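See structure below.
Order of the sequence lines fixes the chain letters, A, B, ..., with proteins taken first and strands second; residue numbering starts at 1 for each chain. All figures in this text were calculated on a predicted structure; none of them were measured in a lab.
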Amino acid sequence: MMSDQEIFPVVVKDLTKKFRILNRREGLSGAFKDLFSRDYKTTTAVDGISFSLNEGEIVGFVGPNGAGKSTTIKMLTGVLEPTGGTVTVNGLVPFRNRAKNAKNIGVVFGQRTQLWWDLPVIESFKVLKEIYKVPDEQYEATMATFNELVNIRELYNKQVRTMSLGQRMLCDIVAAFLHNPKIIFLDEPTIGLDISVKTKIRTLILELNRLRKTTIILTTHDIADIEALCRRIVIIDKGRIIYDGDLARVSSIIGDFRTLRLTFDQVHVPDFIPALQKDLGEQFSAEGAVTVGEDEDGWISIIVQEDLVSMIDVLSHVSRNYPVKDIKIEEIRTEDVIRKIYEGALT
Amino acid sequence: MKGYLGMARCSIMANIVYRAHFFFTLGGTILGITLQFFLWKAIYGDALLIKGMSFEDTFLWVALSSTIFTMFKTYVDWEMCYSIIEGSITQTLIKPTDYQLYMLSSRIGDLLLNTVIIALPTIVVLIAGFHAAIPIGINLLFFVLSLILSFLLSFTLEFIVGLISFRTNSIWGISTTKDVIIMVMSGAVVPLAFFPDWLRGVADVLPFRAMYDVPMRILLSENIGVMDYAKGLGFQILWITVLVVLSRIYFKQAIKVVTVNGG
């Protein structure tokens with residue numbers, strides 16, 4: 001019988017990462033005390049997660065900031081040493097075989113670049129070709145593909161630091177695919193980009209996955225990325241996997257719910273939110289049809305379950321009875337999906 | 001190997017972008033040498049020889065030492081520290097390369113431009129402006145060999161300091177301390193001949209002497225021969241081996257404490 005490591009390109013079992021952080025004190029005197037402090041606290045960034053990936057699949061890792069997505073990726077790429085559990089990537093233990101593992105993987109950290117900041121991007125491609133020992137013909141063929149997909153040649157002579165974020169991200173993704181790795185890790189590849197560039201990047205990723213059968217792990221907190229790219233979704237919260245499976249089941253939540261976000265002229269009324277919740281609850285009596293909450297930015301958000309009550313009804317009721325100042329309607333956010341899962345939406 | 005050469009090529013091109021940096025450093029180096037000229041002139045006064053060295057010998061020694069010091073300055077320790085603080089070290093660690101060799105090849109650009117834009121013009125100024133007499137012969141060949149070894153030594157020391165900064169997350173203090181220790185104990189600021197005996201004894205067994213004293217002696221001493229040159233090079237190679245082994249053992253330790261903030 002073949003072991004898991006032979007069947008799956010990535011196998012993760014009970015993976016844990018703990019960080020030791022100095023408890024910092026406040027103020028100047030606190031800073032001086034910190035000089036001699038041994039007061040550490042341990043935080044658990046990744047808390048015993050297990051999963052394995054099939055060859056050629058695109059898996060979306062979703063979760064709020066600080067959920068442990070990036071830390072997981074850093075352990076899979078050999079940058080960080082796990083505190084506990086096991087990881088194998090293409091049969092190798094990443095931290096112990098960092099350089100060897102690096103040959104078979106490609107990585108894009110959305111908030112960083114592996115391109116030479118001061119040089120035209122073509123120079124970075126050339127060096128990467130040499131570092132990964134890509135044969136000439138393969139390099140030419142690969143570049144031709146990229147050129148067909150996103151017209152990369154136009155950017156060849158552009159200095160990386162003069163690129164827009166979207167152009168740079170395209171180049172970084174191209175750079176990660178250059179040596180035709182078996183597995184690609186994309187950490188927030190669409191962060192901070194506008195819709196048209198996001199679409200372009202999603203198309204590029206999909207095409208490369210189709211052409212090369214590359215296994216792709218994608219982390220994001222943009223649900224739309226996942227909907228465009230993945231069939232399988234892994235939802236992580238506080239270092240644990242709370243859902244791993246078909247996107248379709250999660251989509252039913254994503255599709256049914258939308259968020260109505262509002263600001264009001266008079267927000268000083270005490271217990272405004274419970275009052276609003278009570279009023280809406282009486283108005284739209286189906287259980288769980290509307291959920292009122294307050295966001296960090298001061299907006300009031302009303303999550304509407306649209307198969308029970310129509311968004312228009314809620315909107316018109318609220319605007320008729322309350323001094324609404326501003327309105328936004330948004331797709332449900334990752335945080336709300338997670339809350340729904342905790343509340344049992346998938347069971 | 002080709003990959004590291006490619007890295008070096010990029011590092012040269014990337015450094016040329018910041019050419020103003022080199023021209024200002026050139027100005028600073030020449031100014032520093034001028035100050036040393038007057039300082040040592042004042043120290044010598046009417047004396048012909050101090051500790052067996054003439055004013056010309058001493059001035060040439062310290063002037064060349066400080067030129068080499070500037071030439072070797074690649075700030076690899078600073079670079080390593082910042083890569084830990086801002087987390088960009090991940091970009092290096094995801095490459096199928098040896099971290100130490102990667103850092104070395106990425107500093108070649110600094111070394112080369114330091115040599116061409118700072119060191120060579122400074123030497124021209126030394127010869128033309130200060131009438132320095134550099135003995136010319138087989139010593140030049142050994143001097144260049146010895147200088148290459150000095151650079152590797154200097155790089156490895158900076159690399160170790162960089163690794164220490166993985167733990168401390170700050171570099172200014174340790175890097176400056178390292179610079180001062182190197183400058184003094186290597187005989188770069190004051191030739192080792194001027195040291196009191198006990199300090200001379202300490203300096204003799206430390207690796208810093210291998211960085212400046214050895215190449216300078218090969219270049220400037222007229223009464224030593226090829227055997228002495230070889231002995232000097234051997235001393236350098238010994239220290240490089242020891243420090244490289246230590247730095248690689250330490251790297252395995254240091255990389256474990258990396259937490260990689262953000263992103």
Using a 6.0 Å cut-off, check whether atom [atom1] of [X] has over 12 heavy atoms from anything other than its own residue.
X      : atom1 : answer
A/Y156 : OH    : yes
B/Y82  : OH    : no
A/Q138 : CD    : yes
B/R167 : CZ    : no
B/K73  : NZ    : yes

Looking only at B/S11, B/G3, B/G6, B/C10, most heavy-atom pairs under 4.5 Å shared with chain A are made by B/C10

Closest approach of [X] and [Y], non-hydrogen atoms and distance?
X      : Y      : answer
B/V17  : A/D118 : CG2-O, 3.9 Å
A/K103 : B/P96  : CG-CB, 3.6 Å
B/T90  : A/K74  : CG2-CE, 3.9 Å

Taking the side chain as C-beta and beyond, is there a heavy-atom pair between [X] and [Y] under 4.5 Å?
X      : Y      : result
A/F95  : B/I255 : yes
A/R98  : B/Y99  : yes
A/L128 : B/K95  : yes
B/R9   : A/V127 : yes

Checking [X] against chain B: side chain, backbone, both or neither under 4.5 Å from a heavy atom?
X      : result
A/R96  : neither
A/F185 : neither
A/E81  : side chain
A/T113 : backbone

Between atom CG of A/L119 and atom CG of B/N15, what is the distance when rounded to the nearest 0.5 Å? 9.5 Å

Heavy-atom pairs under 4.5 Å with chain B are the metric here; pick the option from A/E123, A/E130, A/K129, A/K133 that has the most. A/E130

Ranked by heavy-atom pairs below 4.5 Å to chain B, first place among A/T77, A/I131, A/N101, A/I105 goes to A/I131

For B/Y18, is it the side chain, the backbone, both, or neither that has a heavy atom closer than 4.5 Å to a heavy atom of chain A? side chain

